[in-house]
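Below is one structure, written out as structure tokens, with a few remarks after it.
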Amino acid sequence: MGKNYARIDGRLRTFIEAQPLFFTASAPLSGDGTVNLSPKGLKGSFAILDELTVAYLDFVGSTAETIAHLRENGRITLMWCAFQGPPNIVRVHGRGEPVFRDDPRFPELLAHFPDIDPTDHGLRAVIVVRAELIRDSCGYAVPYMSYDGDRDLHGRRFAREDDASLSEYFAKKEHIATSMDGLPGLPLPLRPIS
């Protein structure tokens, strides 16, 4: 039923790039820490950089758990499900890192997302993931669901913010600078996009 892959190419790449939604999972090293699972959407916010490296844009959210977990231990899993067409689930298990706005690599990484205006959505970082295990499985029990389009609420809400007001917004949130488990989260104040 399931198969391992050496790289993200061919049919696998086509499948991943066609999905409007994927999920990320991460956890701290502590056995009693909080496991985080997040849905990710917004057309154009995910990119395959090479056969073993993917990246996605990390936008304003109510917490920064994935960033905190990656800063602590780097472990992350990404998952795509076929909600239309033939059943399929693809997982990329790997090591990731948040590349923040003041990192010299940030502008080059941002160029992989030409359809996203970095001033909208409160862009915090680019998450880069290097695959260690790539696997698919049947997805026979995943229901059919239709994709009607991206919601515009997030962009409408955060497009009116600038770096200073976003930093103020983040400072008021309990789990942005520090995770739910007390790990370092998003470095504040937010650095300007250069």
Side-chain angles (χ1 to χ4, degrees), residues 1-27 34-67 69-70 74-99 109-159:
M1 294 264 252
K3 180 179 174 185
N4 290 351
Y5 296 86
R7 64 191 54 84
I8 302 168
D9 62 2
R11 180 190 65 79
L12 199 62
R13 180 177 183 141
T14 300
F15 172 77
I16 289 172
E17 290 179 332
Q19 304 313 308
L21 171 73
F22 66 99
F23 301 88
T24 67
S26 62
T34 305
V35 175
N36 187 61
L37 177 62
S38 295
K40 303 293 179 187
L42 190 58
K43 189 174 245 170
S45 66
F46 176 83
I48 297 175
L49 306 184
D50 64 40
E51 294 178 332
L52 290 175
T53 312
V54 300
Y56 68 89
L57 300 178
D58 179 76
F59 299 116
V60 169
S62 56
T63 67
E65 299 308 300
T66 302
I67 285 175
H69 296 157
L70 293 179
R75 298 177 306 160
I76 189 167
T77 299
L78 292 86
M79 182 183 77
W80 296 263
C81 298
F83 294 111
Q84 299 174 341
N88 194 19
I89 298 170
V90 173
R91 290 179 181 87
V92 171
H93 306 265
R95 296 280 170 183
E97 70 167 313
V99 177
L109 287 167
L110 200 55
H112 289 277
F113 307 94
D115 298 329
I116 301 291
D117 181 344
T119 59
D120 292 346
H121 303 284
L123 181 59
R124 304 188 298 191
V126 178
I127 305 297
V128 179
V129 178
R130 181 82 174 161
E132 295 179 337
L133 174 64
I134 305 161
R135 185 164 175 76
D136 72 356
S137 56
C138 67
Y140 290 167
V142 175
Y144 285 110
M145 292 191 283
S146 66
Y147 169 66
D148 298 328
D150 289 336
R151 296 177 192 260
D152 67 351
L153 297 172
H154 196 272
R156 285 190 359 231
R157 164 60 184 92
F158 291 103

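Along the sequence shown, residues carry numbers from 1. The shown structure was predicted, so the numbers you read here are calculated from the model rather than taken from an experiment.
Under the side chain to side chain contact (heavy atoms under 4.5 Å, CB included) criterion, E51 pairs with R7, D9, not counting sequence neighbours. In this structure D152 satisfies the salt bridge (Lys or Arg N to Asp or Glu O under 4.0 Å) test together with R156, sequence neighbours excluded.
Side-chain atoms of D58 never come within 3.5 Å of backbone atoms of I127 as a donor-acceptor pair (strictly under, hydrogens ignored). The main-chain N or O of D120 is never found under 3.5 Å from a side-chain atom of H154 such that the two would form a donor-acceptor pair. Under a 3.5 Å cut-off, the side chain of D136 and the backbone N or O of K3 do form a donor-acceptor pair. Under a 3.5 Å cut-off, the side chain of R75 and the backbone N or O of A27 do form a donor-acceptor pair.
Of the residues I48, I16, L49, the one that meets the side-chain contact (heavy atoms from CB on, under 4.5 Å) test with V54 is I48. The only option from L52, T53, V92 that meets the side-chain contact (heavy atoms from CB on, under 4.5 Å) definition with I8 turns out to be V92.
Contact record, L70 with G96: CD2-O, 3.7 Å, taken as the closest heavy-atom pair. The shortest heavy-atom contact between K43 and D150 is N-OD2, 2.7 Å.
Considering CD1 of I116 and CG of L123, their distance stands at 9.0 Å, rounded to 0.5 Å. Between the NE2 atom in H112 and the CG atom in L57 there is a gap of 11.0 Å [rounded to 0.5 Å]. Atoms CD1 and OG, from I76 and S26 in turn, are 6.0 Å apart once rounded to the nearest 0.5 Å. Interatomic distance, CD of Q19 versus OG1 of T14, reported as 11.0 Å (0.5 Å rounding). The CZ atom of R11 sits 4.0 Å away from atom OH of Y5, with the distance rounded to the nearest 0.5 Å. For the atom pair OG1 of T24 and OH of Y56, the computed distance is 4.0 Å after rounding to the nearest 0.5 Å.
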Donor-acceptor pairs are to be reported for all side-chain atoms of residues 78-91 against protein atoms at under 3.5 Å, with residues two or more places apart or in another chain.
| residue | atom | partner | partner atom | Å |
| --- | --- | --- | --- | --- |
| Q84 | NE2 | M145 | O | 3.4 |

request  = Kindly indicate, with the supporting measurements, whether the criterion ring-ring contact (aromatic ring centres under 6.0 Å, His included) is fulfilled by F22 and F46.
outcome  = CA-CA 9 Å; F22 66 99; F46 176 83; 5.2 Å; yes

